[in-house]
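Below is one structure, written out as structure tokens; comments come after it.
Counting starts at 1 for both ligands and their atoms, following the listed order.
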Amino acid sequence: MPKISSKGQQMPESPIRKLVPYAEAAAAKGKIIYQLNIGQPDIKTPEIVLNAVKNHDIEVLSYSHSAGFESYREKLASYYNNTSLPVEKQDIIITTGGSEALLFTMGSITDQGDEVIIPEPFYANYNGFATASGVTIKPIQSKIEDGFALPPISEFEKLITEKTKAILICNPGNPTGYLYTKEEIQQLADLALKHDLFIVSDEVYREFAYDGVKHHSIMSIPELANHAIMVDSVSKRYSMCGARIGCLVSKNTEVIATAMKFAQARLSPPTFAQIASEAALDTPQSYFDEVIEQYTFRRDLLVKGLEKIEGVKVANPKGAFYCIAELPIANADDFAKWLLEDFEDHNETIMVAPAAGFYSTPNTGLNQVRIAYVLKKENLERALVILEKALKQYNNKA
Ligand SMILES: Cc1ncc(COP(=O)(O)O)c(C=O)c1O
């Protein structure tokens, strides 16, 4: 049989999706599973979005411009301008999800063997995108004790070599929920300028900032015009993960021209989904106000609930809709599988994402899980009861 590439063999499985076969087997036996493992919001997609797709007069579903509809890019630029970011339509390439923007970014700024520094734990698919692009991730650990704040800049500096091309951050963070302060963003900017590195900021959760804390975008620093690349997406902002629309934003014209070559190779982003995403920009502020209120409520419920469970440690997230919880167990992979295969409480269980897959340092985060608070109140409350009971039973069996 022809041989699979070593790159293909090295491609990591998604820690979020790898437990799916166990969940399917449990569901086939009739078990109810509360999914705390995946960032699929249960919030309704704005009606304005769904109506735009229903009411159209398209006769030929054609390709669009490789950078995406001009009208959409113009409107998107205005959306950023409204949050004081100096983005113009020519700084934007519409992509098939933030995922493709990340791939285009790595393709445009790195060569085989180049290094990218990323604070860990980080969005697990960065591992996959790095492997696909031949990039080596240099992790720098943020700690639960510090609420996953930015590690000291001196630690970043120690990791910089002649192969370092970029620092990649996720703001607010998946899986940590950490929201970088203005000072932290400035420190990163100073470092990038000092060593002439790119700063890639994944801001797909940029609207999800709680407690009145402001989100500070990498695009807000004028001196970083040639160094900053922002990745964004409609997936979470408007609860339209299935639309598959994101974008890459940079004031660096060489970055945009290079990313455009990748964009041309895949022809264009999906047409219907661009119609939906353009309409989404007219979503009233009241939608976001309600969503933020809902997530703040769920976060408080979850964090308080977790804090009450003996041996559980959690950092209070300030943004996005995830938290990392440290559990009184040795191996979260084993625990997560056991929850699906061997545990039930009134025929119900929970699914969590073991956090080790969000670290690239081996054997790290083994006793941690990522929990997404994308479920309604009753389900979150029930999930917390199940977790407490499960931990007791799991530890008694040992
Ligand atoms: C931090 C982060 N970046 C990027 C993505 C990719 O999102 P999408 O491709 O749906 O835009 C996700 C999805 O969960 C994410 O959590």
List below, pair by pair, the N or O atoms of ligand 1 and of the protein that are less than 3.5 Å apart, including the distance to 0.1 Å; reply 'none' if no pair qualifies.
residue  : atom   : partner : partner atom : Å
ligand 1 : 3 (N)  : D202    : OD1          : 3.4
ligand 1 : 3 (N)  : D202    : OD2          : 2.6
ligand 1 : 9 (O)  : G98     : N            : 3.3
ligand 1 : 9 (O)  : S99     : N            : 3.0
ligand 1 : 9 (O)  : S99     : OG           : 2.5
ligand 1 : 9 (O)  : R244    : NH2          : 2.8
ligand 1 : 10 (O) : S235    : OG           : 2.7
ligand 1 : 10 (O) : R244    : NH1          : 2.7
ligand 1 : 11 (O) : G98     : N            : 2.6
ligand 1 : 11 (O) : S233    : OG           : 2.6
ligand 1 : 11 (O) : S235    : OG           : 3.2
ligand 1 : 14 (O) : K236    : NZ           : 2.9
ligand 1 : 16 (O) : N174    : ND2          : 2.8
ligand 1 : 16 (O) : Y205    : OH           : 2.7

Residue list, ring pair (Phe, Tyr, Trp, His ring centres under 6.0 Å) with F358, at least two apart or on another chain: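 Counting only residues at least two positions away or on another chain, F358 forms no ring pair (Phe, Tyr, Trp, His ring centres under 6.0 Å).
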Mind telling me whether F335 and Y394 have parallel, tilted or perpendicular rings, with 30° and 60° as the class edges?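 Perpendicular.
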Aromatic plane relationship, Y123 with F129 - under 30° parallel, 30 to 60° tilted, over 60° perpendicular: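 If you compare the ring of F129 with that of Y123, the planes turn out tilted.
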Flag if over 12 foreign heavy atoms under 6.0 Å of OH, Y22: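 Incorrect, the count does not exceed 12.
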Residue pair E120 / S142, side-chain donor-acceptor N/O under 3.5 Å: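 No.
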Nearest 0.5 Å, what's the CZ-OG distance between R206 and S217?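 Going from the CZ atom of R206 to the OG atom of S217 covers 5.0 Å.
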